[in-house]
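Read the structure below first, then the notes.
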Amino acid sequence: MSTASPVPRIESALLANDRCAGQLAPPAPRGSSVLALPAPLRASALALFAPLCAGVLALAAPLHAGGPDAEAAPPGLVLVPGGRTKIGLETSDLKRLLEADPKSQDYAGVLSAETPQHELVVPSFYLMATEVTNEQYAAYLRATGRRAPYTWAAAAIAKGRDAYLAELEAARDAAIAEGRPVPDAQPFEDRAWWDEHWRDAEFAVPAGDELRPVVFVDWSDARAYARWAGLRLMTEFEYQRAVRGDSTRAYPWGDAWDSEKFAATSLLKKKSGLFPAGSFPAGASKQGLFDLAGNAWEWTSSAYVPYPGYEVKVYTFGFGAKTRQVNAVADYTPGRKVVVGGSVQNGSLMARATTRRAAEPDQASDALGFRCAATPSPGVDLASAFLADELTPNARPLEDGATVVFEPEACVAAQRWDVAPVTTSTAPPGYAAITDQRFVLFTPVKQIACTDLPGFERLTLERLTTTGALPCLGFFATNVRLVEPALDPGLYLVSYRAQGLRKPLPNEKEPRLEDVLGLDPALDWLVFSRLDGTPVRAVRQTLSWGTARDGRAVLVEPEAVPRTEAAPSAERLLRLELDLPTRARGKELLFELLLRFEPGVLAGAWRRTS
């Protein structure tokens with residue numbers, strides 16, 4: 001296996017500001033086997049739409065000084081520079097589209113979800129060069145043991161069908177022989193059989209489909225892949241940014257349309273299902289992103305909710321006796337997600353930058369896939385996923401009657417990816433299949449309730465005396481085993497016990513924290529605990545008080561690593577230089593966490609907070 005390319009420094013000022021886009025949109029979705037979408041509008045509507053989209057240019061927001069370098073991208077992803085972006089469609093332009101084709105007026109409500117147009121600053125982000133392909137998804141399934149799309153299990157399903165038919169035949173013969181009514185035969189459903197038997201059956205990517213987009217994946221499947229890969233799903237706003245950039249163009253290449261040149265849609269003369277990724281290089285974006293338009297619809301993380309200022313409109317079309325009023329009412333049923341980009345089953349109208357369709361989260365169809373995105377700052381996407389899935393508000397510790405607040409954008413992390421060698425000459429530029437991802441991260445709390453170091457040290461003992469708990473500094477997570485401190489892969493709350501004796505609680509349960517971990521009260525300790533509060537490890541650690549700084553992850557080479565009994569060999573060490581905001585303006589609690597791993601774990605290139 002090869003590894004990701006070396007990672008240059010990324011200025012922390014940029015990392016603190018390049019956040020996930022799409023904060024205007026709350027959560028949301030579900031579906032049937034095939035996306036139910038309106039029929040494409042006629043070419044006349046498209047011809048009208050192109051000049052309407054060419055008019056106004058959005059102001060470009062410059063990249064921050066010391067911005068992310070393209071070489072720092074996770075494998076298979078490219079940098080999309082951020083900036084002020086025109087989101088959606090003007091209401092007047094929508095009316096003109098509806099006037100151009102009377103048949104489209106039946107879908108006025110669906111199309112009205114693209115209005116009103118508004119401007120949004122979308123921070124820089126990384127985006128996959130292609131939709132996630134079958135071979136990329138297969139690597140994830142091999143690593144995790146998750147369920148494959150049922151279309152990959154044709155042989156297993158055929159055996160299941162034969163066995164089912166044999167059972168029906170035997171039941172029929174037995175009923176006839178015994179003079180009983182023949183039982184009604186229930187139809188054999190391929191997908192239902194696979195859902196029940198996939199754990200004990202084999203599957204394989206259909207030959208020749210390795211580079212085609214993976215489909216029959218629901219929103220949870222797509223999100224799980226993204227998290228395994230150390231990435232995330234893109235927002236609908238990032239999608240529009242990737243297509244439009246600083247313009248108002250309708251498609252990644254501009255406003256022109258050629259049915260045989262730019263994208264895989266239903267307008268192709270020789271349509272044959274989904275195409276291998278990158279089959280239409282002329283339709284790529286300026287950054288080298290393929291198939292943003294057509295081929296397969298793509299999941300986003302965005303909820304299908306109204307844009308700011310959305311209003312129900314009534315449009316009047318025709319004249320005299322042929323006058324017709326159309327109510328444009330979008331269906332914002334809660335719980336649905338936005339899918340974008342159109343597919344080979346739809347015309348060019350569905351492939352526009354502003355097209356947004358609703359899908360239920362459990363929908364899985366033959367034309368719905370996804371691609372992954374990443375925030376420039378390493379570890380932020382993983383930290384956010386931990387807070388969304390494991391460290392939910394109900395699972396977070398309480399301090400002074402309030403839930404502890406963590407700051408994922410300030411996490412300090414190191415990530416590394418392994419990729420499979422490219423085995424085909426038809427893979428598009430920038431394509432990479434991730435086979436493994438390793439990470440280490442620390443996410444601090446938003447603020448420590450102190451104004452100086454002595455006050456915080458007193459606070460640790462007071463909290464332990466009154467509540468039996470220590471102040472939380474943040475959470476630590478990794479998917480590789482540590483040698484020092486000895487920790488298994490997992491998620492840990494990190495707290496601090498300053499030196500000093502304390503009074504025992506009146507009803508304190510035995511054994512006490514100090515007894516469980518063997519803590520010397522004359523020393524300062526960093527304590528790692530499970531989410532239920534069970535302490536598992538402590539390391540000697542002293543905090544310092546200093547001027548605010550940016551945390552970073554540093555790889556210490558073998559010649560600079562001190563030897564210990566637990567790690568006598570020459571191996572790299574990872575040092576997390578951490579800072580904790582306090583109530584004192586411009587002052588923070590500072591400390592360093594030294595981490596040792598098993599031999600070879602820290603080899604190769606790591607993308608790090610720097």
Side-chain angles (χ1 to χ4, degrees), residues 391 395-407 412 441-478 482-488 490-546 551 564 566 575-584 587-596:
L391 267 172
R396 298 174 197 174
L398 293 174
E399 291 185 359
D400 298 329
T403 301
V404 170
V405 178
F406 298 95
E407 191 68 38
V412 175
L441 68 86
F442 177 87
T443 302
V445 296
K446 192 175 185 67
Q447 187 181 76
I448 298 291
C450 71
T451 56
D452 56 31
L453 180 56
F456 178 67
E457 292 175 335
R458 288 194 302 272
L459 178 64
T460 69
L461 297 179
E462 291 170 0
R463 287 262 175 86
L464 195 56
T465 299
T466 57
T467 68
L470 293 167
C472 183
L473 305 185
F475 68 83
F476 176 84
T478 181
L482 272 72
V483 173
E484 289 184 4
L487 290 171
D488 291 327
L491 174 63
Y492 301 91
L493 293 171
V494 181
S495 55
Y496 187 72
R497 189 205 189 280
Q499 60 180 288
L501 298 175
R502 67 174 178 101
K503 298 178 181 179
L505 286 169
N507 300 315
E508 187 170 6
K509 296 180 180 179
E510 296 292 344
R512 303 192 310 163
L513 169 70
E514 292 86 348
D515 300 325
V516 170
L517 299 177
L519 305 185
D520 183 346
L523 301 174
D524 299 314
W525 296 95
L526 202 63
V527 178
F528 294 81
S529 304
R530 298 191 182 95
L531 298 191
D532 62 3
T534 304
V536 295
R537 191 70 56 199
V539 294
R540 290 181 56 179
Q541 184 71 62
T542 298
L543 303 185
S544 61
W545 184 261
T564 68
R575 183 175 72 241
L576 303 185
E577 299 175 359
L578 305 170
D579 57 292
L580 305 168
T582 69
R583 291 179 178 173
K587 295 294 184 180
E588 296 179 328
L589 292 171
L590 312 175
F591 68 102
E592 294 183 354
L593 188 57
L594 299 177
L595 307 174
R596 296 180 187 272

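Smallest separation of non-hydrogen atoms from L391 and L491: CG-CD2, 4.2 Å. Residues V445 and V404 come closest through the heavy atom pair CG1-CG1, 3.6 Å. When every heavy atom of R537 is checked against every heavy atom of A486, the shortest pair comes out as NE-O, 2.9 Å. Shortest non-hydrogen contact noted between G546 and L590 is CA-CD1, 3.9 Å. Nearest heavy-atom pair, E407 versus T443, reported as atom, atom and distance to 0.1 Å: O-CG2, 3.5 Å. In plain terms, the two heavy atoms of P485 and V539 that are nearest each other are CB-CG1, 3.3 Å.
With values rounded to the nearest 0.5 angstrom, F591 atom CZ is found 6.0 Å from Q541 atom CD. A distance of 7.5 Å separates SG of C450 from CG of L453, quoted to the nearest 0.5 Å. R530 contributes atom CZ, which lies 12.0 Å from atom CG of L493 (distance to the nearest 0.5 angstrom). Rounding to the nearest 0.5 Å places OG1 of T582 at 9.5 Å from NZ of K587. Between atom CG of residue L543 and atom CG of residue D579 there is a gap of 12.0 Å, rounded to the nearest 0.5 Å. Of the inter-residue distances, the one linking R575 atom CZ with R596 atom CZ reads 12.5 Å to the nearest 0.5 angstrom.
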Item checked: From CA spacing to verdict: side chain to side chain contact (heavy atoms under 4.5 Å, CB included), L441, V412 -> CA-CA 6 Å; L441 68 86; V412 175; over 6 Å; no

Item checked: T542 and E592: CA distance, side-chain angles, deciding distance, side chain to side chain contact (heavy atoms under 4.5 Å, CB included) verdict -> CA-CA 9 Å; T542 298; E592 294 183 354; over 6 Å; no

Check: Going through the checks in order, is the side chain to side chain contact (heavy atoms under 4.5 Å, CB included) test met by F456 and Y496?
Finding: CA-CA 10 Å; F456 178 67; Y496 187 72; 3.6 Å; yes

Checklist line | CA sep, side-chain torsions, deciding dist, call: Q499, L523, side chain to side chain contact (heavy atoms under 4.5 Å, CB included) | finding: CA-CA 5 Å; Q499 60 180 288; L523 301 174; 5.5 Å; no

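With D400 contributing its side chain and A402 its backbone, the two residues share no donor-acceptor pair below 3.5 Å. Without hydrogens or angle criteria, W525 side chain to L517 main chain gives no donor-acceptor distance under 3.5 Å.
Residues L593 and L526 have side chains in contact (heavy-atom distance under 4.5 Å, counting atoms from C-beta outward). Considering only heavy atoms from C-beta on, P444 stays 4.5 Å or farther from L473 through its side chain. C472 has its side chain out of reach of R396: every pair of non-hydrogen atoms, C-beta onward, lies at least 4.5 Å apart. E399 places a side-chain heavy atom less than 4.5 Å from the side chain of P471. Proximity of R497 to L461: side-chain heavy atoms (C-beta onward) are separated by under 4.5 Å at one or more points. Side-chain contact between L576 and F476: present, with at least one pair of heavy atoms (C-beta onward) separated by less than 4.5 Å. You'll find the side chain of L464 reaches within 4.5 Å of the side chain of E514, heavy atoms only. Using a 4.5 Å cut-off on side-chain heavy atoms (C-beta onward), V527 and L470 make contact.
Using a 4.0 Å cut-off between charged side-chain N and carboxylate O, D452 and R583 make no salt bridge.
Between F406 and F475, the ring center distance clears the sub-6.0 Å criterion.
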